[in-house]
Visitor: 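Got a structure for you, written out below as C-alpha cells; questions coming shortly.
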Amino acid sequence: MSIDIATRGTSLHVTDSIEQRQCVLRIPEPASTTSVAGDRFYFPVDAAARIDTESVTLGSYVATFVRNGAGDVVAQLDRVDEISLPAGEYLIELEQPVKLYVQVEGSLSVETNGVTTTVGTHGDLFIAGRSRHNHPAGTITTTSEPRDMMRAVSALSSSLKTTSVERSYPTLRGHPPEVAVGDELSIPAGMRAADGGVRIEVPQHLRFVYPVAPLAFYLGAEVVPGAVPRLVGEDGFSYRLDGPSGFENTVAETLKQTLLFDCVARTEGFYEVDLAERADVDARIDLDWGDLYDRSLSEQLDAYLSVSYDRIADCVPEWKTAGYMAPDPENAELLPYLLDDLAAIRTPAGESTTAEQVQADSLFDFARAGGAVDKQALAGATRAAGSSTRAADTPTERARTPEGPLPDLVDPEPTEAFETVWADEGVPVGATKASVDGYRNGLEHMPSEEIGVTVVVNDEGMTEEGDIAEEVYGDDAEFPFDLRVYRNLTTDQLKAVLETEREFLHYIGHVEADGFECTDSRLDARELDFVGVDAFFLNGCASYDQGMALLENGAAGGVVTVTEVVNSGATRVGKAMVKLLNHGFPLNAALSVAGEQSFVGGQYSVVGDGDLDIAQRSSLGAPLTTIEDSENGYTVSLRVYPTADLSVGSFSNTIFDESRHYLTPGSVDDIHYTSAERLEDLLQKGGGLVRYDGEILWPNDVDLR
C-alpha cells in the first residue's frame, strides 16, 4: 500500500511513498489513529483511518466541496468562508498532491480564511487518501502490421474509468497499458476498447493510425479499417475526419472540442462550479448541457460536432502536449505515454538547422521579448571543454569550433501546446526528445525515504550557480531532502556519483559530446553500466549526447543543451532553474520559464520524461504570477503550467478570482490592481512564484514600486 496515515505529535501525516508526496494537517492535541475499511468512502481510496480528534487543519486553502452520504454536493466554500451543518454524514474533498477525503459522522463545521482550511466535528472524524500514481496495468504486444496496430490502439482505452463526460477529468482516464512491438498480436484478457459506442475508421497506414490514437483513447472507440477517415456512432451518426483543415488538424480539433464540451457538460454533474469556459462557450453557441449530460456518447458527439470548431477555438484550453511522431512501427511503444497526456499527434514537420542558427534565433527571441543583452557577455567563455583558453569574437564563431561533433539539429514547426515531443530522427530544438527508455525507467523508480539531490560543480569558474543551488535546494520542502554537493571531481568520482541512486543531479561544468570534463580526463556516460540518477540538469555545452546516454542507462528525464552556451547566460538559466525546480516545477515547465531569463534559453531542450519534478508543490499545477507596472497600478497575469498531477481537463480557481473556476493548465485573464499593499497581501496568501521586473522571486521578496 503506497498511502500511509499516521500522527506525529500534533501533526497528521498522509504520505504517498511511491509519488513522494505528503500532506500534513494540524490537530489540536496528540491523537491516535485506527485503520478502517476504505469502502466506507463514497469515492475510491487507498487507505483510511479514524482519527481521535475533533478537528483537522490544512495549512493551505483549496477548493472545498462538502457532500452528504449519498455523494451529493451540499456546500462549496470560497477562499474566505465558513459553514455549520447539523448532525449527519458528510464527506469533505480536499485537492492536494495526495487526494484527501475527510468524513464526518456528526455535526460539521468548515472554515477557510484564505490561508488554512479547518474541518471540525463533535462526532467521529475519518480521513482517507488516494494516490495519484498512474501506472500502466499491463503490456499489449502488437506486430508492425496496421490491422494489428489498430487493435492494439483500440485496447489502450481499457484504462478509462468511465465513458461519461467525467472522463474529461485526468484522474478518471488512467494510464494506458504499455505497448511492445513483437512477432504476434497479444492483448491480455480484459484489455479491450472501453466501448463508448463509437468507432473510428481510417485507411490501413500508420500515418493514419497514430494521429487518431488519442481521440480513440479518449472516446473509448474501436479503430477499424475504412476507406476514408471518419468517426461513426450509433443511429447513423458519422463525422468526416479529413475536413478542410486536413486530416491531422481535424482529428486534433475534434479531440479538443469534445473535451472542452465535456468539461462544460460535467458542470451538470458532480461539480456544479462556475466555470469560466462555460460562460465563454454559452456566449457563442446554444446547447442544452443538462440534456446532453445524460445522453449517449454518440448523441453528444452529434450535437458537439454540429458546431464549427472556428466558433469556439478561442475557448479551447491550452493543450499540454503535441507529439510529432514518425509513422514507424517502433514508435508505437511511445503511444501510452503520449496518450496519458492526450497529446495531439502529427507526423513530423520541421526543418534542419545549425548551431549558429539556433544561437542566433535564441538571441533574437530574447531581445524581441524585451530582454537586455550585454555585448561583453556575448563574447564571454562557453561551457565547452577548454573554452577558458579559447578566444572568439562572437558566439557564432565559437559554435563553429566545438571539440566534439554536434548532433543533427531540427527545428520543429511551432505548436500551441505547452510541450512539443519529437519522435523522429534528429535533435529537436525547443522541444522534448522522446525516449521510451526514459519513460520506462521512470516507471521502475523506487522511492527513498529522502529526496536525494546531488549538485556537481566541476569548474572553479562556475561557483556562483553552485552556491545558489546549495543554498536553495530543499529549503522549503515538507518532504525531507538529502542534499550532497561535490566539486572538482575526477572521472572515477563522477562515475560513482552517476551510479548512486538519487532523485536528481544538477551538473555544472564543461561537457562535450564525448564526455563530462573532469579534473583528470573525460567521463563518457555511454560507457557506464548503470545510472542511478532519475532526473538531471546538465548545464554545460552540447550536453545532449551525454543526457541521452544517461537515459539509455537508467535515468528517466533531464534538461540538456543542444549547442555551446555562453557561461554567463548558462548561469542565469541555472539560477532560475534552481528556484523553479525547488518550488515544484517539473523539468519541462521549469525550462519553459527559466529559458526566458537568458539569451541562451533557446539552446536548451528536455530529453525523456519532462513531467519529472524533485520537490512537492503546494498545488497540483505549477503557477507563475507575472506582474507588470501599469499607468495606474499593476497588471497581473497568472499562468498555470502542467505537471504530472495536472493535465488537460483539470480545473481550479485562483487567489485573484476566488468565485470562478478555470480549466487548467493555462492562463487566466489579466487583472488590474491599483494598491501595492493589496496585491502583496494576495501574493503572500497565494504562495506561488512571482516574475517581476525580469526576475523570478519568492512572494516574500516582491517589493512593488
Visitor: With a 4.5 Å cut-off on side-chain heavy atoms, are Tyr544 and Ser605 touching?
Guide: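 No, side chains not in contact.
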Visitor: Is a side-chain N or O of Glu178 found less than 3.5 angstrom from the main chain of Ile140, in a donor-acceptor match?
Guide: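 A pair under 3.5 Å: no.
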Visitor: Should the pair Arg526-Glu552 be classified as a salt bridge under the 4.0 Å nitrogen-to-oxygen rule?
Guide: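 So Arg526 does not pair with Glu552 through a salt bridge.
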Visitor: Determine whether a donor-acceptor pair (N or O, by modelled atom type, separation under 3.5 Å) exists between the side chain of Ser154 and the backbone of Met150.
Guide: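 Side chain of Ser154 to backbone of Met150, a donor-acceptor pair under 3.5 Å: yes, one is there.
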Visitor: Please enumerate all residues that pass ring pair (Phe, Tyr, Trp, His ring centres under 6.0 Å) together with Phe247, with sequence neighbours excluded.
Guide: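 So Phe247 forms a ring pair (Phe, Tyr, Trp, His ring centres under 6.0 Å) with Phe208.
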Visitor: Can the positive tip of Arg167 be found less than 6.0 Å from the middle of the six-membered ring of Tyr218, inside 45° of the ring normal?
Guide: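 Pair Arg167/Tyr218 counts as cation-pi.
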Visitor: Could you tell me whether Asp341 and Arg173 make a salt bridge, using a distance below 4.0 angstrom between a side-chain N and a carboxylate O?
Guide: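 Judged by the 4.0 Å cut-off on N to carboxylate O distance, Asp341 and Arg173 do not form a salt bridge.
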Visitor: Which value, rounded to the nearest 0.5 Å, describes the distance between Leu275 atom CG and Asp282 atom CG?
Guide: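 The distance works out to 10.0 Å.
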Visitor: Taking 4.0 angstrom as the limit, do Arg266 and Asp262 come out as a salt bridge?
Guide: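 Judged by the 4.0 Å cut-off on N to carboxylate O distance, Arg266 and Asp262 do not form a salt bridge.
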Visitor: Looking at Val607, Leu409, Val410, which hits side chain to side chain contact (heavy atoms under 4.5 Å, CB included) with Val562?
Guide: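 Exactly one candidate clears the test, Leu409.
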Visitor: Mind jotting down which residue pairs meet the ring pair (Phe, Tyr, Trp, His ring centres under 6.0 Å) criterion with at least one end in residues 301-324? Sequence neighbours excluded, please.
Guide: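 For residues 301-324, and leaving out neighbouring residues, the ring pair (Phe, Tyr, Trp, His ring centres under 6.0 Å) pairs sorted by first residue read Phe261-Tyr304, Tyr324-Trp422.
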Visitor: With a 3.5 Å distance limit and no angle check, can you tell me whether Ser543 reaches the backbone of Gln546 through a side-chain donor-acceptor pair?
Guide: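 Pair absent, no side-chain N/O of Ser543 close to backbone of Gln546.
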Visitor: Please determine if Arg192 and Glu222 form a salt bridge, counting it only when a charged side-chain N lies under 4.0 Å from a carboxylate O.
Guide: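 Answer for the salt bridge query: no.
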Visitor: Report yes if some heavy atom in the side chain of Leu342 is under 4.5 Å from a heavy atom in the side chain of Phe217; otherwise report no.
Guide: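 Yes; the side chains approach each other to less than 4.5 Å.
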Visitor: Tell me which donor-acceptor pairs under 3.5 Å the side chains of residues 412-419 have, and how far apart each pair is, sequence neighbours excluded?
Guide:
{"residue": "Thr415", "atom": "OG1", "partner": "Ala417", "partner atom": "N", "Å": "3.4"}
{"residue": "Thr415", "atom": "OG1", "partner": "Thr420", "partner atom": "OG1", "Å": "2.7"}
{"residue": "Glu419", "atom": "OE2", "partner": "Thr432", "partner atom": "OG1", "Å": "2.7"}

Visitor: Using a 4.5 Å cut-off on heavy atoms from C-beta on, say whether the side chain of Val533 contacts that of Leu550.
Guide: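 Answer no - side chains too far apart.
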Visitor: Under the ring pair (Phe, Tyr, Trp, His ring centres under 6.0 Å) rule, what pairs show up with a residue in residues 141-173, not counting sequence neighbours?
Guide: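 For residues 141-173, and leaving out neighbouring residues, the ring pair (Phe, Tyr, Trp, His ring centres under 6.0 Å) pairs sorted by first residue read Tyr169-Tyr271.
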Visitor: Taking side chain to side chain contact (heavy atoms under 4.5 Å, CB included) as the test, write out the residues that go with Asp365, two or more places apart.
Guide: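 Scan of Asp365 (side chain to side chain contact (heavy atoms under 4.5 Å, CB included), adjacent residues dropped) gives Arg368.
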Visitor: Does any N or O in the side chain of Arg130 come within less than 3.5 Å of the main-chain N or O of Pro44, such that one atom is a donor and the other an acceptor?
Guide: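 Checking the backbone N and O of Pro44 against the side chain of Arg130, a donor-acceptor pair under 3.5 Å is found.
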Visitor: Using atom types as modelled and distance alone, determine if a side-chain donor or acceptor of Tyr210 lies under 3.5 Å from a backbone N or O of Asp328.
Guide: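 A pair under 3.5 Å: yes.
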Visitor: Would you find more than 12 non-hydrogen atoms of other residues, nucleotides or ligands less than 6.0 Å from Arg151 atom CZ?
Guide: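 12 or below, so no.
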Visitor: Could you check whether any side-chain N or O of Glu277 sits under 3.5 Å from a backbone N or O of Cys315, counting only pairs where one atom can act as donor and the other as acceptor?
Guide: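 Judged by distance alone, no pair lies under 3.5 Å.
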Visitor: Do Tyr604 and Asn539 have side chains that get closer than 4.5 Å, going by heavy atoms?
Guide: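 Yes, their side chains come closer than 4.5 Å.
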Visitor: Side chains of Glu299 and Ser296: donor-acceptor distance under 3.5 Å anywhere?
Guide: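 There is such a pair between these side chains.
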Visitor: Classify the side-chain pair Thr143/Glu145 by whether it contains a donor and acceptor separated by less than 3.5 Å.
Guide: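 The criterion, which ignores hydrogens and geometry beyond distance, is not satisfied for Glu145 and Thr143.
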Visitor: Only counting residues at least two apart or in another chain, list the ones meeting side-chain hydrogen bond (donor to acceptor under 3.5 Å, both in side chains) with Asp195.
Guide: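 So Asp195 forms no side-chain hydrogen bond (donor to acceptor under 3.5 Å, both in side chains) with any residue.
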